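We name chains A, B, ... by the order of the sequence lines, and we start the count at 1 in each one. As the structure is a computational prediction, the values presented were derived from the model and not from experiment. No hydrogens, no waters, no symmetry mates; every other heavy atom, side chains included, goes into these values.
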2 protein chains.
Amino acid sequence: MEDKSQITDAEWEVMRVVWTLHQATSKDIIEVLRSKKNWKQATAKTLIGRLVQKGLLETEQDGKRYLYTAAVDETESVKMLEQRLFDRICNKEVGKTIASMISESTLSHNDIELLEETLNRKKSEAVEEVKCNCVPGQCQCKGHHH
Amino acid sequence: MEDKSQITDAEWEVMRVVWTLHQATSKDIIEVLRSKKNWKQATAKTLIGRLVQKGLLETEQDGKRYLYTAAVDETESVKMLEQRLFDRICNKEVGKTIASMISESTLSHNDIELLEETLNRKKSEAVEEVKCNCVPGQCQCKGHHH
DNA sequence: ATTTAACGTTTACAATTGTAAACTAACATT
DNA sequence: AATGTTAGTTTACAATTGTAAACGTTAAAT
């Protein structure tokens, strides 16, 4: 329970490479990010270093160099991102917000099917009314009389 | 087209007050955030100042003080947040990600209904397969043969 | 053995963010 | 008029982030 560390935008780029390759050398990472972001190798190195410090990357010696693996799960990390988004809005708005995401995304038939199933499963635990979780003055729910 | 400015966590707290009250005095803001975040008034003042600078808050003179109003729409701002989330994952994962959000949220019957409608409307424009938008090395889609 | 290439570590440095005190100008009070 | 209260503006300052060069060490090549 040490780990509330945020993954920054730049760091995320590195994590994605490691998540994808499962095990990556700095060279792998440097190469991908040179092509995607035009980073100098030094930049990738710095980020790798920081991620190791933060405990988000693990190292395994492999001869003279390291093999990097992710210490955190990608899915978990995405969930934390989602959480950070929902932390910014009222609980009551979550449904509409998800609806808006659906509207704006490109989805496949399979995706839609998955969402329908998910929604159906969700029905059993749907509540009558979602409770607002905001302090007065930060959402419309609590009346603030003009 | 000047405005790519991020709203930081702390700034967001201020924006929420203004979005909620539509028009707020610094006093309003200070009060809400003192109660919610235990901020010293100075802290709220700094954030207000920065938001005005960034053009995210507008001021209207009211006697000796200002009335602050939001220069950006809350819904728009939330959409930008959503975008920042989706920018971190492969397009092909968007569906699953939304499904996961649904699973983990508290939703009302109305929300579910809304989502079902949204989903139905979406069916017409569903694609056979969502195209991956990642560089090789940052998602599983493009084969990278171990 | 000497030189070079590769890789991790240190140092750098400006911009942004979180937090807040100090200062100043304008009003309201006594 | 003198003083206290407000509200906005300046200054402060450490931590984090984005970007990268420089350095040191080890392994590979000549």
Side-chain angles (χ1 to χ4, degrees), chain A residues 2-18 21 23-69 80-81 84 87-88, chain B residues 2-18 21 23-69 80-81 84 87-88:
Chain A
E2 66 299 69
D3 190 17
K4 200 82 294 197
S5 45
Q6 307 275 41
I7 303 179
T8 70
D9 286 315
E11 287 167 355
W12 190 274
E13 297 289 347
V14 173
M15 291 305 291
R16 283 189 74 177
V17 179
V18 181
L21 304 184
Q23 194 152 53
T25 62
S26 65
K27 191 174 191 181
D28 295 331
I29 297 169
I30 288 169
E31 204 31 64
V32 172
L33 296 175
R34 164 147 42 220
S35 100
K36 178 176 183 186
K37 308 280 292 182
N38 256 82
W39 283 352
K40 299 288 145 55
Q41 51 170 183
T43 304
K45 285 176 180 190
T46 301
L47 274 307
I48 292 171
R50 287 186 188 161
L51 285 166
V52 172
Q53 266 181 204
K54 289 193 182 182
L56 296 168
L57 282 185
E58 275 160 4
T59 56
E60 181 191 326
Q61 194 87 233
D62 170 53
K64 75 163 190 167
R65 57 189 178 4
Y66 289 145
L67 295 181
Y68 298 96
T69 48
M80 287 169 60
L81 280 191
R84 271 165 58 67
D87 283 349
R88 290 195 177 194
Chain B
E2 68 299 68
D3 189 17
K4 198 87 292 215
S5 46
Q6 308 274 41
I7 302 179
T8 71
D9 286 315
E11 287 167 357
W12 191 274
E13 297 289 347
V14 173
M15 292 305 292
R16 284 189 74 177
V17 179
V18 180
L21 304 184
Q23 194 152 52
T25 62
S26 64
K27 191 172 192 182
D28 295 330
I29 296 169
I30 288 168
E31 205 32 64
V32 172
L33 296 175
R34 164 147 42 221
S35 101
K36 177 175 183 187
K37 309 280 296 182
N38 257 80
W39 283 352
K40 302 285 145 55
Q41 50 171 182
T43 303
K45 286 178 179 188
T46 301
L47 272 309
I48 293 171
R50 288 186 187 162
L51 285 166
V52 172
Q53 265 182 204
K54 290 193 181 183
L56 296 168
L57 282 185
E58 273 159 7
T59 56
E60 181 190 327
Q61 194 88 231
D62 169 54
K64 75 163 187 164
R65 57 190 182 358
Y66 290 145
L67 295 182
Y68 298 96
T69 47
M80 286 170 60
L81 280 191
R84 271 167 57 67
D87 282 349
R88 289 196 177 193

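Remark: B:Thr69 OG1 to B:Gln23 CD distance equals 6.5 Å, nearest 0.5 Å.
With sequence neighbours left out, the side chain to side chain contact (heavy atoms under 4.5 Å, CB included) criterion links B:Glu31 to B:Arg34.
Taking atom CD1 on B:Ile7 and atom P on C:dG18, their separation rounds to 12 Å, with Å as the unit. Rounded to whole angstrom, the span from the CD1 atom of B:Ile48 across to the C1' atom of C:dT19 amounts to 14 Å. In this structure, CG of B:Leu47 is placed 18 Å from P of D:dA7, rounded to the nearest angstrom. Computed from coordinates, the A:Gln6 CD to C:dG18 P distance equals 10 Å when rounded to whole Å. As rounded to whole Å, 11 Å separates atom P of C:dT17 from atom CG of B:Leu56. As a whole-Å value, the separation of B:Glu11 CD from C:dT16 P is 11 Å. Atom pair B:Gln53:CD and D:dT9:P shows a separation of 10 Å (rounding to whole Å applied). In this structure, A:Gln41 atom CD and D:dG18 atom P are separated by 19 Å, rounded to whole Å.
Phosphate contact (OP1/OP2 of C:dT11, side-chain N/O of A:Lys45, threshold under 4.0 Å): absent. Neither OP1 nor OP2 of C:dT16 sits under 4.0 Å from any side-chain N or O of B:Thr8.
When the nearest nucleotides of DNA chain D are assigned to A:Ala42 and B:Lys64 by heavy-atom distance, the more 5′-ward of the two goes with B:Lys64. When the nearest nucleotides of DNA chain C are assigned to B:Arg50 and A:Tyr68 by heavy-atom distance, the more 5′-ward of the two goes with A:Tyr68.
For the pair B:Trp12 (side chain) and A:Arg88 (backbone), a donor-acceptor distance under 3.5 Å is present. Using a distance-only test at 3.5 Å, with no hydrogens or angles considered, a donor-acceptor pair links the side chain of A:Thr46 to the main chain of A:Ala42.
Between A:Glu11 and A:Lys54, at least one side-chain nitrogen of the basic residue sits less than 4.0 Å from a carboxylate oxygen of the acidic one, meeting the salt-bridge criterion. Using a cut-off of 4.0 Å between Lys/Arg side-chain N and Asp/Glu carboxylate O, A:Asp62 and A:Arg65 are scored as salt-bridged.
In this structure the side chain of A:Ile48 reaches within 4.5 angstrom of the side chain of A:Tyr68, judged on heavy atoms.
Contact check of residues 23-40 of chain B against DNA chain C (heavy atom, cut-off under 4.0 Å) returns B:Trp39, B:Lys40.
For B:Thr46, the side-chain atoms get nearest to C:dT19 when compared with the rest of C:dT19, D:dA27, C:dT17.
A donor-acceptor contact under 3.5 Å is not formed by the side chain of A:Arg65 with the base of D:dT25. Taking only distance into account, the side chain of A:Thr43 never meets the base of D:dA20 through a donor-acceptor pair shorter than 3.5 Å.
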